[in-house]
Amino acid sequence: MGKSSSSFCVIRFLTVLFAFLTGAFMLIGGGWLAAIGGSWYYVIGGVVMLITAWLLSRRKSTALVLYALLLIGTLIWGVWEVGTDFWALAPRTDVLVIFGVWLILPFVYRSVNAGSKAALGSMAVALIASALVLAYAVFNDPQTVNGKLPETAQNAAPAQPLSNIDDADWPAYARDQQGTRFSPLKQINEENVKNLQVAWQFQTGDLKTANDPGEITDEVTPIKVRDTVYLCSPHQILFALDAATGKQKWKFDPGMKPNPTFQHVTCRGVSYHEVPAAADAANSQPALCSRRIYLPVNDGRLFALDAETGARCPAFGNNGELDLQHKQPVTTPGQYEPTSPPVITDTTIVMAGAVTDNYSTREPSGVIRGFDVNTGKLLWVFDPGAKDPNAIPADEHTFTMNSPNSWAPAVYDPKLDTVYLPMGVSTPDIWGGNRTPEQERYASSVLALNATTGKLVWSYQTVHHDLWDMDLPSQPTLADITDKDGNTVPVIYAPAKTGNIFVLDRRTGKPVVPAPETPVPQGAAKGDHVSPTQPYSELTYRPKQNLTDKDMWGATLYDQLVCRVIFKRLRYEGPFTPPSEQGTLVFPGNLGMFEWGGIAVDPHRQIAIANPMALPFVSKLVPRGPGNPIEPPEGASGGSGTETGIQPQYGVPYGVELNPFLSPFGLPCKQPAWGYVSAVDLKTNEVVWKKRIGTTRDSAPVPLPFKMGMPMLGGPIATAGKVFFIGATADNYLRAFSTETGEQLWQARLPAGGQATPMTYEANGKQYIVIAAGGHGSFGTKLGDYVIAYALPDEK
């Protein structure tokens with residue numbers, strides 16, 4: 001009897017203590033939130049919770065009645081704020097519902113003597129109402145757009161491809177140099193994709209070393225030509241594999257020596273080209289290097305290798321090696337990094353590269369160069385920060401320091417002989433008061449150059465005076481689209497970090513889909529300025545409304561309340577809110593709604609598959625002062641080794657701190673979803689369907705696969721089998737979806753992160769789907785060295 005009484009006392013004490021502490025937290029935090037213009041709910045809820053705690057301590061049955069009213073009131077408030085979005089409702093109700101269940105457990109309500117039938121009935125009603133609303137929300141996601149893509153007319157003429165590619169091959173980063181990421185193969189289709197199984201697996205052996213930066217990534221999309229698959233690993237080791245078996249034929253190691261100051265260690269892919277060459281008459285074998293692989297290396301080199309053997313092409317550059325640091329104003333390894341495969345025309349290699357973000361005003365040039373495809377001789381330059389971009393510097397001069405760069409893959413129209421480059425911004429990225437008119441001219445633009453001469457054809461700027469690192473991060477896509485009047489228009493689709501997809505006539509650069517200049521927030525940091533307007537494309541995934549504290553999130557009401565307070569203390573007036581010392585919420589964030597994965601376009605059906613994200617960042621300018629010098633410390637070399645955290649921005653009045661907008665528990669402060677897959681009808685530019693993608697299995701402390709919609713790095717590929725494939729998400733899966741409706745049809749567990757874009761090809765009559773699963777260091781996914789091919793089982 002004594003033990004029972006003692007147990008009841010302990011239970012009552014813990015119950016009252018929990019109610020008191022929760023009430024105090026809600027009252028204090030809610031008071032702070034209300035004082036800065038946020039919701040008053042937490043103040044009211046905190047008072048009710050404290051009264052409930054007092055009543056429980058007095059063993060009053062009215063405690064349950066009052067708590068039931070709090071549950072009902074919270075439910076009404078939650079639905080009023082966010083509707084029936086389960087993941088938005090959950091943190092508003094989870095702690096309170098769990099505590100409500102606790103209160104009606106027999107051993108609990110006996111311990112507090114609060115269990116009259118009326119009180120229990122009120123609690124039961126409140127809990128059942130909460131359960132019903134949450135159950136309804138699970139199956140009625142307001143963020144989902146359901147629809148079905150229109151069928152192509154039976155008598156419609158097939159679209160004429162710009163490049164002649166064998167159906168069985170995938171010879172370029174996006175299969176073609178037009179960036180479509182579309183394959184005409186359809187052996188794998190909606191009906192049988194569920195039967196895919198591992199056909200072969202290859203491990204590169206190239207793993208993170210102690211000398212690598214955090215941003216080591218396996219972002220490669222392999223290419224396939226004839227019977228061989230070619231791919232590069234993070235340290236730019238090139239592998240040639242048998243397409244049917246995955247067995248290694250040869251490999252080439254360029255001997256790159258990274259160090260922790262490199263901002264990136266990654267290789268997105270290699271380029272292929274066949275050059276006219278006489279065959280060896282004696283054995284009818286192709287001459288050395290008549291078929292070539294071009295390999296960019298992060299330390300500023302480009303290799304040309306024989307596709308059959310991996311041998312260097314002796315007539316190219318210096319025994320198959322080209323120095324891309326030549327005439328660079330800064331030649332520190334890792335500050336200029338060609339991370340994406342170059343465009344290859346019949347005569348010219350068009351080469352661009354990344355520079356270190358936010359390090360200093362004394363960095364390499366983002367110069368774009370054209371090299372002879374056979375010899376590597378420099379044919380032309382386009383230096384975006386120079387007064388005369390096409391001027392090749394004399395012997396004693398260099399390219400322009402800190403010219404805007406183009407780091408994502410470019411695209412090429414062979415009929416127009418035009419290469420289209422997605423441009424970045426002059427670094428430092430987050431303060432621009434000292435930029436020259438030349439540095440501003442082509443920044444954050446689509447740049448169209450004649451591929452043979454390097455002369456400007458046109459440019460279109462997607463962000464004016466970019467202070468947010470809102471560069472064009474994706475390879476654009478070229479397609480011929482039928483407009484509303486039935487005319488065929490050659491267009492370029494340029495996905496932007498802002499969520500806009502700019503649709504331009506690729507002959508002229510004029511918008512095909514309107515992108516009106518729209519007023520944006522003003523008030524730049526001291527010494528800087530802000531453009532009064534920015535172009536907003538009418539084809540867009542950007543949020544229709546600005547964020548409010550209603551959009552803040554957390555695993556519980558505690559961290560959600562903290563996120564609401566943090567949000568209200570940041571500067572935020574919508575997209576393009578200027579950076580500030582106060583701290584600015586950047587949404588869409590620096591990671592962007594679109595990243596380097598791009599979109600997939602079926603040019604015949606005129607549809608696109610996209611995978612936009614929605615993850616805010618916070619940028620906070622840090623004025624120069626003690627501990628924050630304007631020049632690098634003596635002896636410092638290299639870059640920052642990261643794209644987040646403290647960024648020095650040497651040479652300008654501010655450093656900057658850049659981070660995702662996270663709660664104290666490390667969860668995003670913006671409610672999910674953070675990632676989607678979606679389809680667009682390109683004839684109407686309407687979003688036909690949109691679905692969440694990705695689970696928390698590999699991100700949460702407890703590996704539960706909650707489908708919340710996860711951030712991604714990587715892109716989709718589409719096929720004529722009416723199925724598309726994508727890895728990319730923060731959980732380790734490759735997935736297949738119906739192109740028509742967005743329904744998930746299949747998934748395969750990957751042994752490491754799949755932050756890469758897959759590809760598909762045919763070998764010996766069998767279609768394969770291949771993805772690199774090597775993970776992403778700064779994205780936080782599991783690292784590995786896998787390349788995995790999937791295929792349908794052989795018929796018995």
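FYI, side chains are in, hydrogens and waters are out, and symmetry mates aren't considered; it's all heavy atoms of this structure.
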**Message:** Quick check against the 3.5 Å criterion: does Asp85 have a side-chain atom that pairs as donor or acceptor with the backbone of Trp87?
**Reply:** yes
**Item:** Minimum side-chain heavy-atom gap Pro758-Phe725 below 4.5 Å
**Value:** yes
**Message:** I want to check something: taking the side chain as every heavy atom from C-beta on, are Pro516 and Glu538 in contact at a cut-off of under 4.5 Å?
**Reply:** yes
**Minimal non-hydrogen separation, Thr695 against Met710, with atom names** = O-CG, 3.2 Å
**Item:** Distance (rounded to the nearest 0.5 Å) between Leu713 CG and Ser778 OG
**Value:** 7.5 Å
**Message:** Could you tell me if the side chain of Phe594 sits less than 4.5 Å from the side chain of Asn500, heavy atoms only?
**Reply:** no
**Prompt:** For Pro575 and Asn546, which heavy atoms make the closest approach, and how far apart are they?
**Reply:** CD-OD1, 3.4 Å
**Request:** Please check if any side-chain donor atom of Glu743 sits under 3.5 Å from a side-chain acceptor atom of Ser738, or the reverse.
**Result:** no
**Message:** Please report whether the ring centroid of Tyr790 lies less than 6.0 Å from that of Trp746.
**Reply:** yes
**Nearest heavy-atom neighbours spanning Ala129 and Ile72** = CB-CD1, 4.0 Å
**Item:** Side-chain heavy atoms of Pro588 within contact of Pro543, under 4.5 Å
**Value:** yes
**Request:** State yes or no: are the ring centers of Tyr42 and Phe25 separated by less than 6.0 Å?
**Result:** no
**Asked** Do Leu734 and Ile769 come within less than 4.5 Å of each other through their side chains, counting heavy atoms only?
**Response** yes
**Request:** With rounding to the nearest 0.5 Å, note down the distance linking CE in Met712 to CG in Asp731.
**Result:** 10.5 Å
**Message:** For the residue pair Gln755 / Thr781, report whether a side-chain donor-acceptor contact shorter than 3.5 Å exists.
**Reply:** yes
**Message:** Using a 3.5 Å distance criterion without hydrogens, assess whether the side chain of Gln560 forms a donor-acceptor pair with backbone atoms of Met552.
**Reply:** yes
**Message:** Over 60° means perpendicular and under 30° means parallel, so tell me whether Tyr536 and Phe576 are parallel, tilted or perpendicular.
**Reply:** tilted
**Asked** If you draw a 6.0 Å radius around NZ in Lys782, do more than 12 non-hydrogen atoms from other residues or ligands fall strictly inside?
**Response** no
**Message:** Is a donor from one side chain sitting under 3.5 angstrom from an acceptor on the other, for Thr74 and Tyr41?
**Reply:** yes
**Prompt:** Between Trp689 and Phe724, what is the ring plane arrangement, given parallel below 30°, perpendicular above 60°, and tilted in between?
**Reply:** parallel
**Prompt:** Is there side-chain contact between Trp80 and Lys550, with heavy atoms separated by less than 4.5 Å?
**Reply:** yes
**Request:** Look at the rings of Phe18 and Phe99 and say which category their plane angle falls in: under 30° parallel, 30 to 60° tilted, over 60° perpendicular.
**Result:** tilted
**Asked** Is a side-chain donor or acceptor of Ser537 paired with a backbone partner of Thr540 at a separation under 3.5 angstrom?
**Response** no
**Request:** Please check if the side chain of Asp559 supplies one atom and the backbone of Thr556 the other of a donor-acceptor pair under 3.5 Å.
**Result:** yes
**Message:** For Ile607, run the side-chain contact (heavy atoms from CB on, under 4.5 Å) check against Val688, Val680, Thr739 and tell me which one passes.
**Reply:** Thr739
**Euclidean distance, Leu621 CG relative to Ser580 OG, rounded to 0.5 Å** = 6.5 Å
**Closest contact, heavy atoms only, Thr548 versus Phe567** = C-CE2, 3.4 Å
**Message:** Between the side chains of Arg564 and Glu81, is the shortest nitrogen-to-carboxylate-oxygen separation below 4.0 Å, so that they form an ion pair?
**Reply:** yes
**Asked** More than 12 non-hydrogen atoms from neighbouring residues, nucleotides or ligands closer than 6.0 Å to NZ on Lys148, yes or no?
**Response** no
**Proximity of Trp77 and Trp40 rings by center, below 6.0 Å** = no
**Message:** Using modelled atom types and a 3.5 Å cut-off, is there a donor and acceptor pairing between side-chain atoms of Asp469 and backbone atoms of Ile430?
**Reply:** no
**Message:** Please find the pair of heavy atoms, one from Ala614 and one from Pro616, that lie closest to each other, and give the distance.
**Reply:** O-CD, 4.0 Å
**Request:** For Ser699 and Thr696, indicate whether the former's side chain and the latter's backbone hold a donor-acceptor pair under 3.5 Å.
**Result:** no
**Message:** Checking Phe107 against Trp102 for the ring-ring contact (aromatic ring centres under 6.0 Å, His included) test, could you report, in this order, the C-alpha distance in whole Å, the side-chain angles of both residues, the deciding distance, and whether it holds?
**Reply:** CA-CA 9 Å; Phe107 64 90; Trp102 169 262; 5.6 Å; yes
**Request:** Might you work through the side-chain contact (heavy atoms from CB on, under 4.5 Å) test for Val618 and Leu658, ending with a clear yes or no?
**Result:** CA-CA 6 Å; Val618 174; Leu658 290 172; over 6 Å; no
**Asked** With distance as the sole test, does Tyr572 use its side chain to make a donor-acceptor pair with the main-chain N or O of Leu547 at under 3.5 Å?
**Response** yes
**Item:** Test item: Pro521 and Pro578 side chains (from C-beta on) under 4.5 Å apart, heavy atoms
**Value:** yes
**Asked** Roughly how far, to the nearest 0.5 Å, is CH2 of Trp553 from SG of Cys563?
**Response** 9.5 Å
**Asked** Just by modelled atom types, is the Leu96 backbone N or O under 3.5 Å from a matching donor or acceptor in the Tyr67 side chain?
**Response** yes
**Request:** Pick out which of Lys690, Gln143, Arg692 makes a side chain to side chain donor-acceptor pair (under 3.5 Å) with Tyr676.
**Result:** Gln143
**Asked** Does the distance from a Lys or Arg side-chain N to an Asp or Glu carboxylate O, for Asp549 and Lys670, drop under 4.0 Å?
**Response** no
**Request:** Check the surroundings of atom CD in Glu191: do more than 12 heavy atoms from other residues, nucleotides or ligands lie under 6.0 Å from it?
**Result:** no
**ring pair (Phe, Tyr, Trp, His ring centres under 6.0 Å) partners for Phe139, two or more places apart** = none
**Asked** For the atom pair CD (Glu219) and CD (Glu595), what is the distance rounded to the nearest 0.5 Å?
**Response** 8.0 Å
**Prompt:** Going by an N to O cut-off under 4.0 Å, is there a salt bridge joining Glu151 and Lys722?
**Reply:** yes
**Message:** Between Asp698 and Arg749 (salt bridge meaning N to carboxylate O under 4.0 Å), is one present in this structure?
**Reply:** yes
**Request:** Side-chain contact test, heavy atoms from C-beta onward, threshold under 4.5 Å: evaluate it for Thr577 versus Leu585 and give yes or no.
**Result:** no
**Pairing of Lys691 and Asp141 as salt bridge, 4.0 angstrom limit** = no
**Message:** Tell me whether Thr757 contacts the main-chain N or O of Gly715 through its side chain, where contact means a donor paired with an acceptor under 3.5 Å.
**Reply:** yes
**Message:** Using 0.5 Å steps for rounding, measure from the CD1 atom of Ile76 to the CG atom of Leu71.
**Reply:** 11.0 Å
**Request:** Determine, stepwise, if the pair Arg92 / Val82 fulfils side-chain contact (heavy atoms from CB on, under 4.5 Å).
**Result:** CA-CA 10 Å; Arg92 291 165 166 82; Val82 297; 3.4 Å; yes
**Message:** Between Met49 and Leu27, does the side-chain contact (heavy atoms from CB on, under 4.5 Å) criterion hold? Intermediate values first, please.
**Reply:** CA-CA 9 Å; Met49 199 72 173; Leu27 181 60; over 6 Å; no
**Request:** Please test Leu745 against Lys194 for side-chain contact (heavy atoms from CB on, under 4.5 Å), starting from the C-alpha separation and ending with a verdict.
**Result:** CA-CA 6 Å; Leu745 304 174; Lys194 63 182 181 292; 6.0 Å; no
**For Val43 against Ala34, the heavy-atom pair lying closest together** = CG2-CB, 4.3 Å
**Asked** Around Gln197, counting heavy atoms of other residues, nucleotides and ligands shown, do more than 12 lie under 6.0 Å from its CD?
**Response** yes
**Message:** Please check: side-chain N/O of Gln647 versus main-chain N/O of Thr644, any donor-acceptor pairing under 3.5 Å?
**Reply:** yes
